[in-house]
2 protein chains.
Amino acid sequence: MLDDKQCPDCKRINEVLSRVGDRWSVLVVISLAQYGTLRFNELKRNLSISQRMLSLTLKELERDGLVNRTYHPTIPPKVEYNLTKMGESFREPVNVLGNWALDNLAKIDVSREAYDERASN
Amino acid sequence: MLDDKQCPDCKRINEVLSRVGDRWSVLVVISLAQYGTLRFNELKRNLSISQRMLSLTLKELERDGLVNRTYHPTIPPKVEYNLTKMGESFREPVNVLGNWALDNLAKIDVSREAYDERASN
DNA sequence: CATGGCGGTTCCCTTTGTGTAACCGAGGTT
DNA sequence: AACCTCGGTTACACAAAGGGAACCGCCATG
């Protein structure tokens with residue numbers, strides 16, 4: 001499997017989705033876009049994400065070049081995160097998706113109810 | 001957990017991502033957008049997706065009202081899938097995301113390489 | 001007679017995702 | 001002295017995602 005002989009675009013889309021397509025990554029980017037700069041525990045409280053997942057997510061986002069990590073060796077330590085230029089540019093696709101969500105979530109719910117009712121007969 | 005007291009938008013984004021945010025759903029929508037109407041095995045070959053995942057994905061997309069399923073009781077059976085109006089409207093967010101991917105995948109790769117090299121020292 | 005295509009469904013198994021809890025070191029607070 | 005904060009890391013456990021193979025009925029083809 002995994003030929004990818006067909007649908008060449010799919011390979012690319014698949015790649016990007018497997019990088020930034022998980023929930024936490026998107027939510028972290030949204031938070032940083034909204035607040036500019038946030039510390040580790042601020043993000044944690046804001047998203048009610050577990051410490052472990054936040055750590056993993058931020059590491060990946062930094063590795064991918066979407067998020068900037070600044071370590072202040074004070075006591076207690078202070079670590080700030082903000083979006084890179086590429087991270088900022090990711091806001092547009094996220095916003096478009098968010099708006100679509102806003103417009104269509106209700107319709108999806110209706111469709112689901114209708115489908116489930118049909119299926120129960 | 002899962003308070004969602006903070007970041008009210010996150011709840012909505014999270015909802016839509018958990019519906020149509022998985023890889024296969026996106027790829028199926030892209031394929032249908034590109035070719036108009038496809039049969040089950042055409043999609044399967046096109047995406048090199050397993051039969052099981054394609055079946056599950058299509059069922060969910062139909063339930064959500066993004067995809068239309070037309071069953072022709074011929075022999076052999078013929079089942080055609082195409083996008084609904086809502087499915088069509090989903091192309092825009094997907095395209096924006098796809099374009100972002102196209103523009104930034106290379107940069108992400110570069111960033112990853114640099115990060116990994118730094119980390120190995 | 002055996003095989004293959006169509007459109008699935010079902011079972012099993014492995015991989016991945018995600019949460020919980022404990023721990024870290026240095027210093028501040030009670 | 002005991003505990004809390006910050007920013008993590010690590011070990012463990014469980015749930016969900018997803019692939020592979022077998023099976024289904026029905027008919028056409030070899």
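Keep in mind the model is a prediction, meaning the values are calculated, not measured. Proteins come first, then strands; the chains are lettered A, B, ... in the order of their sequence lines, and each starts at number 1. For the numbers below, each heavy atom of this structure counts, side chains included, while hydrogens, waters and symmetry mates do not.
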Undergrad: Using whole Å, report how far CD of Glu80(A) lies from P of dG7(D).
TA: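 The answer, rounded to whole Å, is 9 Å.
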Undergrad: Leu56(A) or Pro77(A): which one's nearest nucleotide on DNA chain D is closer to the 5' end?
TA: Pro77(A)
Undergrad: Do Arg63(B) and Leu61(B) have side-chain heavy atoms sitting under 4.5 Å apart?
TA: no
Undergrad: Which listed nucleotide (dC6(D), dC6(C), dG19(D)) is nearest to the side chain of Ser50(B)?
TA: dG19(D)
Undergrad: Could you give the CG-to-P distance, from Leu58(B) to dT9(C), as a whole number of Å?
TA: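 That distance rounds to 10 Å.
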Undergrad: For dG8(C), does either OP1 or OP2 sit under 4.0 Å from a side-chain N or O belonging to Arg69(B)?
TA: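 It does, given that an N or O in the side chain of Arg69(B) lies less than 4.0 Å from OP1 or OP2 of dG8(C).
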Undergrad: Report yes if a side-chain nitrogen or oxygen of Tyr81(A) is closer than 4.0 Å to either non-bridging phosphate oxygen (OP1 or OP2) of dG8(D); otherwise report no.
TA: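 Yes, because at least one side-chain N or O of Tyr81(A) sits under 4.0 Å from OP1 or OP2 of dG8(D).
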Undergrad: Arg52(B) has a side chain; which of dT9(D), dG19(D), dC6(C) sits nearest to it?
TA: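 That would be dG19(D).
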Undergrad: Rounded off to whole Å, could you give me the CZ-to-C1' distance for the Arg39(A) and dG8(D) pair?
TA: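 To the nearest whole Å, that distance equals 13 Å.
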Undergrad: Is there a donor and acceptor pair closer than 3.5 Å between the side chain of Gln51(B) and the base of dG7(C)?
TA: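 Checked by distance alone, the answer is yes.
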Undergrad: Would you kindly give the CD-to-C1' distance between Glu60(A) and dT16(C), to the nearest whole Å?
TA: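 Going from CD in Glu60(A) over to C1' in dT16(C) covers 13 Å.
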Undergrad: Find which nucleotide of DNA chain C each of Ile75(A) and Asp22(A) is nearest to by heavy atoms, and output the residue with the more 5' nucleotide.
TA: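 Residue closer to the 5' terminus by nearest nucleotide: Asp22(A).
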Undergrad: Grab the CG-P distance between Leu61(A) and dG8(D) for me, whole Å please.
TA: 13 Å
Undergrad: Do any side-chain nitrogens or oxygens of Lys78(B) fall under 4.0 Å of OP1 or OP2 in dG5(C)?
TA: no
Undergrad: Please report the distance, rounded to the nearest Å, between CZ in Arg23(B) and C1' in dT15(C).
TA: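 Going from Arg23(B) (CZ) to dT15(C) (C1'), I get 13 Å.
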Undergrad: If I take atom NZ in residue Lys44(A) and atom C1' in nucleotide dG19(C), what distance separates them, rounded to the nearest angstrom?
TA: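 One finds 12 Å between C1' of dG19(C) and NZ of Lys44(A), rounded.
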Undergrad: Which heavy atom in Glu80(B) sits nearest to a heavy atom in Lys78(B), and how many Å separate them?
TA: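 Glu80(B) and Lys78(B) have their closest heavy atoms at OE2-CE, 3.4 Å.
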Undergrad: Taking the side chain as every heavy atom from C-beta outward, state whether Tyr115(B) and Lys59(A) have any atom pair closer than 4.5 Å.
TA: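 The answer is yes, as the side chains (C-beta and beyond) meet within the 4.5 Å cut-off.
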Undergrad: Does some side-chain heavy atom of Tyr81(B) sit less than 4.5 Å from a side-chain heavy atom of Thr37(B)?
TA: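 Side chain of Thr37(B) against side chain of Tyr81(B), heavy atoms only: no contact under 4.5 Å found.
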Undergrad: With respect to the phosphate group of dT9(D), does any side-chain polar atom (N or O) of Ser55(A) fall under 4.0 Å of OP1 or OP2?
TA: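 Looking at the OP1 and OP2 atoms of dT9(D), one of them is under 4.0 Å from a side-chain N or O of Ser55(A).
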Undergrad: What is the distance, to the nearest angstrom, from the CE atom on Met53(B) to the P atom on dG8(C)?
TA: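 Met53(B) atom CE is separated from dG8(C) atom P by 15 Å.
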Undergrad: Is a side-chain donor or acceptor of Thr84(B) paired with a backbone partner of Gly65(B) at a separation under 3.5 angstrom?
TA: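 Checking the backbone N and O of Gly65(B) against the side chain of Thr84(B), a donor-acceptor pair under 3.5 Å is found.
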